[in-house]
Amino acid sequence: MPQTIIRAERVEKYYAQPSANRIQVIAPTDLSVCSGEILALLGPSGSGKSTLLRMLTGLSTPSAGQVFWHDQPIATAEPNVSIVFQSFALFPWLTVLENVEAPLKARGMDAAEQRKRGLRILDTVGLDGFQTAYPKELSGGMRQRVGFARALVVEPEVLFMDEPFSALDVLTAENLRSELLELWQKKTIPTKAIFIVTHNIEEAVLLADRIIVLGRNPGVVRTDFKVTLPHPRDRKSEAFTQLVDYIYKVLTQPGERPPALPAAPEGATVKPAADTRTAHYQELPHARPGGIAGLLELLLDQNGKDDIYRLADHLGFEIDDLLPIVDAAQMLGFLTINEGDAAITPEGTEYANSEILKQKELFRKAALNNVLLLRQIVRAIEAKSNHSVPEEFFHDLLDEQFTEEVTLRQLETAINWGRYAELFDFDASRRRFIEPEKTSPESVDNPDAEMVE
């Protein structure tokens with residue numbers, strides 16, 4: 001029976017607001033990290049992956065619930081963990097060896113032992129001979145190797161990695177994944193467990209012994225299962241592609257109360273998505289109208305329907321690249337999602353096949369019918385005698401439900417969609433939504449172009 005190193009019991013993260021409301025980032029969650037496993041945490045942007053990682057390492061305190069390190073509250077324990085970040089986060093004024101020795105120096109280790117350990121771990125990760133180089137002299141892949149060496153030199157019991165390969169080119173990332181896996185399998189490093197946060201589904205299936213998939217708004221565990229495929233894993237094998245496709249289906253399951261998920265891998269426990277019916281606003285996916293139109297045109301070329309995994313693979317997209325566009329098209333009623341398959345609707349077909357002005361008209365109608373925030377902005381502009389509303393008004397409304405980062409991103413999307421659909425103009429200097437100018441007879445004479453209730 002694997003030993004449980006870290007255990008989270010009903011941990012959640014939320015931020016209080018001036019009103020009685022609060023922004024919940026992570027819903028009450030149970031999670032364990034066990035010895036002998038690589039655990040991958042997957043989820044779309046904004047699902048709270050990095051927030052959960054910080055709570056498990058003790059860097060952030062849960063708003064509720066508790067994290068235990070070997071059955072002792074992590075706040076009073078001395079967790080032996082290291083973190084590899086997405087950015088290389090090296091000290092540019094220190095040499096490679098000095099960067100690696102830095103955490104040992106911080107722990108008060110004597111200089112001779114620092115040097116001995118530092119040189120040994122540099123040799124382990126393939127950086128022997130570069131100990132006197134400075135970070136600026138190294139490639140991105142080599143700088144990330146230094147990051148790995150610095151994390152491993154303290155001999156952590158659990159190695160945490162937050163999107164460690166996402167800043168690297170494809171070949172370098174693939175090489176580092178293989179080397180990490182080799183170090184782990186040969187037990188060259190003393191680490192007992194690895195916890196990796198990623199948005200790359202194939203990366204998770206390639207590396208992990210266990211995969212957890214988060215939903216968002218708030219972050220909640222959708223599925224937690226073991227990967228039993230033997231190493232080395234073949235990306236082209238049927239078993240591999242089935243696992244990747246399964247995860248796509250979990251991530252794209254539509255609706256507030258999704259239907260039963262497709263057959264899960266052995267040992268999987270699937271949980272329904274969080275019930276968001278109490279949410280006042282939908283979270284606008286950060287996608288542009290051009291991207292939505294492009295996706296719909298691609299689907300038309302596939303007879304109006306395609307598996308999202310195959311579509312992403314064909315485009316060379318990561319999950320975080322494609323999902324916002326899919327979510328936006330679905331929100332506008334231009335496509336539907338069923339068990340990972342995207343199917344274009346009649347409205348989506350008409351939009352994709354129309355000329356530019358007709359597309360604007362169709363987008364305007366879909367936005368007003370389906371997006372509460374855009375509807376409210378239009379009505380507020382109509383209600384004001386000067387037909388002008390400050391952005392701050394809607395910022396404050398959104399800020400009651402979402403984090404500052406998400407609020408700003410949604411306002412940016414709303415401005416982009418509203419301008420494209422000619423629902424309103426935006427005065428960037430005064431940060432105000434204003435009534436759009438009527439520049440063509442069509443926009444005046446066409447009743448569909450008028451603002452609707």
Side-chain angles (χ1 to χ4, degrees), residues 279-297 324-335 344-402 404-453:
H280 188 50
Y281 292 101
Q282 316 115 300
E283 181 177 341
L284 297 187
H286 197 52
R288 294 182 178 273
I292 297 168
L295 172 65
L296 296 175
E297 289 178 14
I325 304 173
V326 172
D327 290 345
Q330 184 183 12
M331 178 181 288
L332 293 166
F334 291 152
L335 61 79
I344 196 166
T345 63
E347 293 81 4
T349 300
E350 184 182 8
Y351 180 78
N353 285 327
S354 296
E355 298 294 331
I356 294 175
L357 291 179
K358 182 64 174 178
Q359 281 190 337
K360 283 177 172 277
E361 176 188 327
L362 294 171
F363 193 98
R364 178 164 57 245
K365 187 181 297 184
L368 287 171
N369 285 339
N370 296 289
V371 183
L372 174 62
L373 177 59
L374 293 179
R375 210 160 49 235
Q376 288 186 337
I377 293 173
V378 169
R379 289 175 176 172
I381 291 171
E382 291 178 332
K384 288 288 295 296
S385 59
N386 63 354
H387 302 298
S388 171
V389 183
E391 178 193 32
E392 186 179 3
F393 174 72
F394 293 99
H395 179 284
D396 290 346
L397 291 175
L398 291 170
D399 198 43
E400 286 296 306
Q401 185 179 323
F402 302 104
E404 177 69 8
E405 180 184 0
V406 173
T407 293
L408 294 176
R409 190 167 63 239
Q410 289 201 86
L411 286 169
E412 180 185 342
T413 300
I415 291 167
N416 185 272
W417 288 14
R419 279 173 162 171
Y420 169 77
E422 299 179 20
L423 292 169
F424 48 77
D425 285 336
F426 183 73
D427 185 336
S429 62
R430 296 188 299 146
R431 308 305 299 179
R432 297 183 75 88
F433 296 99
I434 59 178
E435 186 177 36
E437 293 183 9
K438 306 295 185 183
T439 57
S440 67
E442 289 84 357
S443 65
V444 175
D445 297 335
N446 185 353
D448 287 335
E450 297 296 330
M451 306 309 161
V452 299
E453 287 295 321

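Since we're looking at a predicted model, the values are computed, not measured.
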Shortest non-hydrogen contact from His387 toward Ile381: ND1-O, 3.1 Å
message: On a heavy-atom basis, which atom in Thr345 and which in Gly333 lie closest, and how many Å separate them?
response: OG1-O, 2.7 Å
message: By the definition ring pair (Phe, Tyr, Trp, His ring centres under 6.0 Å), identify the one residue from Phe426, Phe363, Phe424 that meets it with Trp417.
response: Phe363
- prompt: In terms of side-chain geometry, is the basic nitrogen of Arg409 or Glu283 positioned less than 4.0 Å from the acidic oxygen of its partner?
  reply: yes
task: Take atom CD of Glu392 as the centre, draw a 6.0 Å sphere, and report whether it contains more than 12 heavy atoms from other residues, nucleotides or ligands.
output: no
- request: Over all heavy atoms of both residues, which pair between Ser354 and Leu362 is shortest? Give the atoms and the distance, please.
  value: OG-CD1, 3.7 Å
- request: Answer whether the closest heavy-atom distance between the side chains of Phe433 and Val378 falls below 4.5 Å.
  value: no
Student check: side-chain heavy atoms of Gln410 and Val406 closer than 4.5 Å: yes
- prompt: Could you walk me through whether Leu284 and Val371 pass the side chain to side chain contact (heavy atoms under 4.5 Å, CB included) check?
  reply: CA-CA 8 Å; Leu284 297 187; Val371 183; 3.4 Å; yes
query: If you measure from CG on Leu373 to CG on Leu411, what distance do you get to the nearest 0.5 Å?
result: 6.5 Å
task: With rounding to the nearest 0.5 Å, note down the distance linking CG in Asn369 to CG in Leu374.
output: 11.5 Å
- request: State the CD-CD1 distance between Glu391 and Ile415, to the nearest 0.5 angstrom.
  value: 5.0 Å
task: Step through the shown structure and confirm whether more than 12 heavy atoms of other residues, nucleotides or ligands are within 6.0 Å of CZ on Arg432.
output: yes
field: Closest contact, heavy atoms only, Pro436 versus Glu422
entry: CG-O, 3.6 Å
field: Closest contact, heavy atoms only, Gly291 versus Ile325
entry: O-CG2, 3.4 Å
- prompt: Ala352 and Leu296: which non-hydrogen atoms are nearest, and at how many Å?
  reply: CB-CB, 3.9 Å
- request: Would you give the length of the straight line joining atom OG1 of Thr413 to atom NE2 of His286, rounded to the nearest 0.5 angstrom?
  value: 5.0 Å
- line: Value for CD (Glu435) from CG (Leu423), rounded to nearest 0.5 Å, stands at 12.0 Å
- request: Give, for atom CG of Asn416 and atom CZ of Arg288, the distance between the pair rounded to the nearest 0.5 Å.
  value: 4.5 Å
- prompt: Do the side chains of Lys360 and Glu355 get nearer than 4.5 Å, heavy atoms only?
  reply: no
query: Taking C-beta and beyond as the side chain, do Glu347 and Leu332 meet within less than 4.5 Å on heavy atoms?
result: no
